[in-house]
Amino acid sequence: MITYKAMEMHTHTLHSDGTFTVPELCRSALAHGFDGVALTDHNTLAPYEQITPDLERETIPIVRGIEWTTFFGHMLVLGSNRYVDWRLATPNTIDEYLRKIHQADGVVGIAHPFALGSPFCTGCHWQYNVRDWEEIDYIEIWSEDFAPLNPINHRAFQWWTDLLNRGFHIAATQGRDWHGPLSRPENLSVTYLGVENGIVNTETVKEALRRGRSYVTTGPALSFAIEQDGVQAGPGTTVKPGAATARIALDLGTRRKHWEEFGIKPQRIVVVQNGAPVAQEICEVCENEQVHVYTPTLSLWPGWLRLEVYGDYLDRSDTLLAFTSPIYAAY
Ligand SMILES: [Zn+2]
Ligand SMILES: [Zn+2]
């Protein structure tokens, strides 16, 4: 059975430019309500030595990752069974290196694609010319804290949408890009990953990302499925075009104490098909419910479908609060 778990997908420790030890990072992620954390130090596997069964039992499961940090972009690589050297990768030869990572059983995500580059942060802006998008498993659509307000995230969301419209299957994630203890209350977004039997480890997380079982939220937990012929299919799966019912639920109880202080109130649930809204519900009082259910009837065309939730955020209204990776439709 697939169960969705709250993950932080992008972190650093003392082993690169962070200020956390590995145990400090894990304790902090646990305190912020996460079920698992991906360790993604810059160009080093050194922190893995600090991972022990006791640490994971006492805190949370740790996903073995690395942030490939190059002059032309940053890439999150999870669970590869060997170090793939990036130093000779150029903007036009990146596909070859993406294939090498997959041959080493890793999964690949583009980190903060629209972050400012040089002179602010050399290499932070994605400049590689990916030709084979099948080699990209996921994109970090939301980066840093207060993610819904960050213009680099708006650009990433639009870029991802364009790639989906071109027919590519790519999952979405968030990443706080944690470098140390938080000095003020921050609204942290969350990547929920659908893992087998609710078990979080490097292998189950890789499988969830390969299969596109993810969604990103800054508040309520979601569920989104298409029901056809009595069978329910969630993010990452492919259904048949034609008539279908969407099964949507907004769970306002899960992790609520971690987000309610930021004025988050969902008000509009939208199903988007191939970039255009095809069903919408306004729920004025959603925030007073434990679980809000919406089951619109849809007519599916070949392409993709995504759930998007909008509402109040801090002092703004109608702000994107959550979105799923797509469900695909094909003959
Ligand atoms: Zn980075
Ligand atoms: Zn980073």
Side-chain angles (χ1 to χ4, degrees), residues 3-11 25-38 59-61 112 140-154 156-157 172-195 198 200 213-224 235 248-270 281-294 306-325:
T3 307
Y4 277 78
K5 292 287 181 181
M7 301 291 302
E8 168 52 55
M9 298 301 289
H10 188 158
T11 65
L25 169 67
C26 293
R27 282 195 286 271
S28 190
L30 178 67
H32 286 88
F34 291 98
D35 300 314
V37 64
T59 60
I60 53 175
H112 48 66
E140 184 181 84
I141 304 296
W142 274 5
S143 177
E144 302 184 357
D145 59 342
F146 298 99
L149 303 183
N150 193 330
I152 70 167
N153 295 338
H154 303 163
F157 190 76
T173 64
Q174 64 63 242
R176 165 66 183 80
D177 209 350
W178 270 13
H179 281 78
L182 310 181
S183 56
R184 60 189 164 93
E186 288 188 11
N187 173 236
L188 301 177
S189 52
V190 179
T191 306
Y192 276 88
L193 292 182
V195 290
V200 175
R213 294 191 299 247
S214 72
Y215 68 87
V216 173
T217 180
T218 193
L222 308 179
S223 66
F224 178 43
I248 294 165
L250 234 62
D251 170 356
L252 291 113
T254 299
R255 293 188 82 261
R256 188 179 182 112
K257 68 174 180 173
H258 297 287
W259 53 263
E260 65 182 349
E261 69 180 286
F262 301 102
I264 293 170
K265 291 180 184 164
Q267 283 178 332
R268 197 159 67 88
I269 302 170
V270 189
E281 184 177 63
I282 307 288
C283 55
E284 297 284 353
V285 292
C286 269
E287 81 265 22
N288 299 328
E289 296 175 77
Q290 185 76 17
V291 176
H292 180 84
V293 174
Y294 174 41
R306 176 172 73 201
L307 183 66
E308 300 175 3
V309 178
Y310 294 82
D312 291 349
Y313 183 79
L314 301 171
D315 58 350
R316 302 197 183 202
S317 58
D318 212 34
T319 301
L320 182 64
L321 303 176
F323 54 95
T324 65
S325 284

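Quick caveat, the model's predicted, so the values are computed rather than measured.
Smallest separation of non-hydrogen atoms from Tyr310 and Asp318: CB-OD1, 3.5 Å. Closest approach of Phe146 to Pro185, counting heavy atoms only: CZ-O, 3.8 Å. When all heavy atoms are compared, the tightest approach of Ser214 to Leu193 is CB-CD2, 3.5 Å. The two residues Cys283 and Ile269 come nearest to each other via the heavy atoms SG-CD1, 4.3 Å. Nearest heavy-atom pair across Val270 and Arg268 is CG2-NH1, 3.6 Å. What you find for Ser143 and Ala147 is that their closest heavy atoms are O-CB, 4.0 Å.
Pro266 pairs in a side chain to side chain contact (heavy atoms under 4.5 Å, CB included) with only one of the listed residues (Asp312, Leu250, Thr217, Leu222), which is Leu250. For the side-chain hydrogen bond (donor to acceptor under 3.5 Å, both in side chains) criterion with His10, the lone passing option out of Arg176, Glu140, His112 is Glu140. Between Thr218 and the options Val309, Ile264, Thr319, a side chain to side chain contact (heavy atoms under 4.5 Å, CB included) holds for only Ile264. Here the options are Thr173, Asn153, Asn150, Ile152, the test is side chain to side chain contact (heavy atoms under 4.5 Å, CB included), and the partner is Trp142; only Asn153 passes.
A cation-pi arrangement, defined by a distance under 6.0 Å to the six-membered ring centre and an angle within 45 degrees of its axis, is absent between Arg213 and Tyr192.
Aromatic ring orientation, Tyr215 versus Tyr4: tilted (interplanar angle from 30° to 60°).
Judged by distance alone, the side chains of Gln174 and Thr191 do bring a donor and an acceptor atom under 3.5 Å apart. Inspection of the His32 and Glu8 side chains reveals no N or O donor paired with an N or O acceptor under 3.5 Å.
When atom types are taken as modelled, the side chain of Thr324 and the backbone of Leu307 share a donor-acceptor pair closer than 3.5 angstrom.
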Exercise. Begin with the C-alpha distance, continue with both residues' side-chain angles, and end with the deciding distance and a verdict on side-chain contact (heavy atoms from CB on, under 4.5 Å) for Val37 and Trp178.
Key: CA-CA 11 Å; Val37 64; Trp178 270 13; 5.7 Å; no
Exercise. Show the numbers, then the answer: is there a side-chain contact (heavy atoms from CB on, under 4.5 Å) between Ile60 and Lys5?
Key: CA-CA 12 Å; Ile60 53 175; Lys5 292 287 181 181; over 6 Å; no
Practice problem: Using the side-chain contact (heavy atoms from CB on, under 4.5 Å) rule, take Glu281 and Ile248 through it: C-alpha gap first, then chi angles, then the decisive distance, then the call. | Solution: CA-CA 11 Å; Glu281 184 177 63; Ile248 294 165; over 6 Å; no
